[in-house]
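Here's the structure we're looking at; comments come further down.
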Amino acid sequence: MRYSRLLIPTLKEDPSDAEVVSHKLMVRAGMIRQVARGIYDLLPLGLRVVRKVEHIVREEMDRAGAQEILMPAVCPAGLWQESGRWDQYGKELLRIKDRADREFCFGPTHEEVVTDLVRREVRSYRDLPINLYQIQSKFRDEIRPRFGLMRGREFIMKDAYSFHTDYEDCRREYQHMFDTYTRIFERCGLTFRPVEAATGAIGGSMSHEFHVLAESGEDALVSCPSCRYAANVEKAEIRKGESPAVESAVGAPQKVETPGRRTIEEVSAFLKLGQESFIKTLLFSTDSGDTIAALVRGDHELSEDKLVSVLGCQSVAMAESAEVLKHTGAAAGYAGPIGLKIRIVADHALDGVTGAVVGANEDDCHLVEVDQRRDMSSLEFADLRTAAPGDGCARCGEGAYDGHRGIEVGQVFYLGTKYSEAMGANVLGENGKQQVVEMGCYGIGVTRTAAAAIEQHHDEGGIVWPLALAPAHVHLVNVKSKDEALSASCDELYDAFLAAGVEILYDDRNERAGVKFKDADLIGIPYRVTLGPKGVEKGVAEVKRRNATDAEEIPLGDVVRVLAERINTELSL
RNA sequence: CAGGGUGUAGCUCAGUCGGAAGAGUGCCGGCCUUGGAAGCCGGAGGCCGCUGGUUCGAGCCCAGCCACCCUGACCA
């Protein structure tokens with residue numbers, strides 16, 4: 001690729017609408033341009049990176065025995081009505097109509113379409129297992145897309161769906177995909193971690209997320225150094241602490257006035273008591289229409305995911321203020337567990353607390369000197385709060401969690417029969433009877449993986465691509481394009497790289513050396529080969545790795561062979 | 001969607017009191033240069049987001065709309 005012939009509109013300054021590094025650098029390096037919110041053009045270099053991710057994903061999925069197909073992006077409403085998601089999915093589902101007013105959606109995921117395909121074409125247990133995947137543009141009309149390719153509305157995803165006669169086989173494939181994902185992200189050259197995850201709206205009962213570790217990651221994770229357990233903080237199991245010794249304080253809770261102080265922070269400052277002395281009372285409405293109260297310590301965060309699984313419902317939402325008033329008799333901010341007539345679940349950390357502060361269920365009042373065992377003896381305890389670094393690991397019972405931040409680039413799900421049952425995907429079993437198939441689904445955010453790679457690999461000068469994802473392997477810089485002898489040597493070198501099958505970007509522009517070096521750093525191709533008048537005279541090219549500080553000189557006659565070898569060696573690791 | 005913010009040259013941004021649209025950078029041409037974003041000269045480039053209103057006069061004031069960004073719920 002000759003730089004002078006490519007559309008690589010680099011920018012000196014950060015674009016004003018970008019927040020995170022990957023977004024800024026992809027725009028500055030001329031890889032992407034925004035078309036509308038959450039919707040981007042992929043320019044030549046950006047597309048090359050995306051293709052690299054796709055290539056690795058495709059090779060590994062094929063190797064794993066999955067079959068590539070391509071389903072439609074525009075899907076008929078009927079299939080979605082069958083699964084129930086036409087109504088459940090909400091506004092995130094982009095709905096469109098054709099000329100006859102028939103309803104369609106732009107697929108955000110393809111369980112319905114693939115299940116429909118399988119129920120029509122697969123009739124015997126002998127045709128199972130089967131794993132079908134595609135790499136395709138998806139559209140999710142997110143409330144707030146942001147961070148460039150990290151959270152676009154239109155994005156490229158690899159989605160795979162497997163079908164099995166029984167749970168055991170589905171579990172086997174789940175593990176197989178888990179291992180495949182591990183290979184994929186290793187080959188991408190990324191530092192990542194698979195973690196146990198909540199299952200969310202897609203449903204199912206077992207799931208792992210694959211996170212690329214980066215400071216700027218949106219997800220908080222914890223991992224146990226003693227065992228290998230790692231999980232999203234929303235899900236990570238927390239070891240029960242020792243119950244504090246019971247000290248009988250004053251005989252009964254005392255009411256204190258806390259006018260206008262609603263939040264834990266405000267009341268804590270007002271009463272001059274630490275937030276850990278508070279019991280946070282949160283009212284939630286469940287999807288089945290109940291209102292319940294959840295208690296966590298004042299300095300802890302409630303995990304809605306954990307609450308949902310404790311309650312055994314589909315979803316919860318913070319109760320409306322009218323609902324809070326109805327059950328507590330007070331405005332939001334003064335709710336407390338004492339005297340509440342609804343179901344109350346409390347986090348383990350509250351077991352046996354004394355001297356606590358709770359809302360009084362009366363405007364502008366709180367109760368102090370609350371003793372859990374004395375005043376709230378019938379609490380239902382569960383693990384309800386989000387985990388934080390330092391919390392004890394519940395799996396091994398030994399370690400204390402380390403904290404990480406991650407970018408979710410992949411997820412594997414055990415789906416069970418959620419879709420196959422709703423849509424009647426059956427096969428004839430060995431015993432001659434119809435049986436519902438078991439399903440798993442496995443996603444990778446291809447465009448997000450490209451962005452995550454930058455979040456993890458960059459410096460002040462720009463992107464530092466892992467070799468496997470780089471838009472090219474070698475960036476050849478002609479230091480002085482007007483020097484005809486030099487340019488002839490560069491052209492020759494370029495042709496030699498091409499002949500050797502090395503992916504190369506040749507900066508043949510008539511620009512000063514400094515400009516070319518700056519752009520080379522920004523674009524981040526791993527091997528920079530620099531040729532100048534002095535080098536030609538000495539018969540050497542200068543080779544510098546993007547992440548190295550020093551360069552080395554390699555004889556012109558050897559440089560193509562040497563680099564081709566290094567690149568091939570590194571890529572085959 | 002709710003709350004906040006911003007829309008002026010390709011990009012980053014100034015624009016005072018309502019009175020002749022600017023800078024830096026990029027782009028084009030020329031000279032001079034050529035190993036980390038050189039210098040000089042010349043030039044092109046503007047629906048000041050859109051529509052309406054107020055005014056002798058609007059980039060600036062008012063109203064409506066649109067787009068984008070930030071904080072929240074969602075997620076590959």
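All chains are named by letter (A, B, ...) in the order of the sequence lines, taking the proteins before the strands, and each is independently numbered beginning at 1.
At B:rA38, one or more side-chain N or O atoms of A:Arg512 fall inside 4.0 Å of OP1 or OP2 (strictly under the cut-off). Taking 4.0 angstrom as the limit, A:Arg146 places a side-chain polar atom (N or O) nearer than this to OP1 or OP2 of B:rG72. Checking the phosphate oxygens (OP1, OP2) of B:rC69, a side-chain nitrogen or oxygen of A:Gln34 falls inside 4.0 Å. Taking side-chain N and O atoms only, A:Lys480 has no distance below 4.0 Å to OP1 or OP2 of B:rG35.
Outside the 6.0 Å centre-distance limit, the rings of A:His475 and A:Tyr527 are not counted as a close aromatic pair.
Pair assignment for B:rA38 gives none, since no Watson-Crick or G-U wobble pairing has each distance under 3.5 Å. Within the shown strands, nothing qualifies as a pairing partner of B:rC75 under the Watson-Crick or G-U definition with both distances less than 3.5 Å. For B:rG45, there is no paired nucleotide, since no Watson-Crick or G-U wobble pair has both relevant distances below 3.5 Å. Under the Watson-Crick or G-U wobble criterion, with both distances below 3.5 Å, B:rG18 has no partner in any strand shown.
Here the side chain of A:Arg151 is nearest to one of B:rA38, B:rC75, B:rG26, namely B:rC75. Closest to the side chain of A:Glu408, out of B:rA76, B:rA37, B:rC11, is B:rA76.
B:rC40 sits 46 Å from B:rU55 when the C1' atoms are compared, rounded to a whole Å. For the P atoms, the distance linking B:rA63 with B:rU54 amounts to 15 Å, nearest Å.
Remark on RNA chain B: of its neighbouring residues A:Lys91 and A:Met157, the 5'-side contact belongs to A:Lys91, judged by nearest-heavy-atom nucleotide.
Nucleic acid contact class of A:Thr530 (heavy atoms, under 4.0 Å, all strands): base. The residue A:Arg33 sits apart from the nucleic acid: no heavy atom pair falls under 4.0 Å. In this structure, A:Arg37 reaches the sugar-phosphate backbone alone: every heavy-atom distance under 4.0 Å involves primed, P, OP1 or OP2 atoms, never a base. Among the heavy atoms of the strands lying under 4.0 Å from A:Val409 are primed sugar atoms or P, OP1, OP2 only; no base atom is included. At the heavy-atom level, A:Glu92 lies under 4.0 Å from the strands shown only through sugar-phosphate atoms.
Protein atom CG of A:Asp17 is 10 Å distant from nucleotide atom P of B:rC13, rounded to whole Å. What separates CG of A:Asp305 from C1' of B:rC74 is a distance of 12 Å, to the nearest Å. As rounded to whole Å, 9 Å separates atom C1' of B:rC75 from atom CD of A:Gln411. The separation between A:Glu13 atom CD and B:rG24 atom C1' is 8 Å, rounded to whole Å. One atom, CD1 of A:Ile444, and another, P of B:rC75, lie 19 Å apart when rounded to the nearest Å. Rounded to whole Å, atom C1' of B:rG10 lies 16 Å from atom CZ of A:Arg28. Between the C1' atom of B:rG36 and the CD1 atom of A:Ile523 lies a distance of 15 Å, rounded to the nearest Å. In this entry the distance linking CG of A:Asp159 with P of B:rC75 reads 16 Å, nearest Å.
In this model, a donor atom of one side chain and an acceptor atom of the other lie less than 3.5 Å apart for A:Arg85 and A:Tyr419. Between the side chains of A:Asn131 and A:Gln67, no donor-acceptor pair is found at a separation under 3.5 Å.
In the interface, the side chain of A:Arg144 is paired with the base of B:rG72 through a donor and an acceptor atom under 3.5 Å apart. Scanning atom types as modelled, no donor and acceptor separated by under 3.5 angstrom connect the side chain of A:Lys12 and the base of B:rU12.
Between A:Arg405 and A:Asp219 no salt bridge is recorded (no basic side-chain N to carboxylate O distance below 4.0 Å). Under the 4.0 Å criterion applied to side-chain N and carboxylate O atoms, A:Glu59 and A:Arg187 are assigned as salt-bridge partners.
A stacking contact between A:Phe517 and B:rG35 is absent: the pair does not combine a ring-centre distance of less than 5.5 Å to the base's six-membered ring with planes differing by less than 30°.
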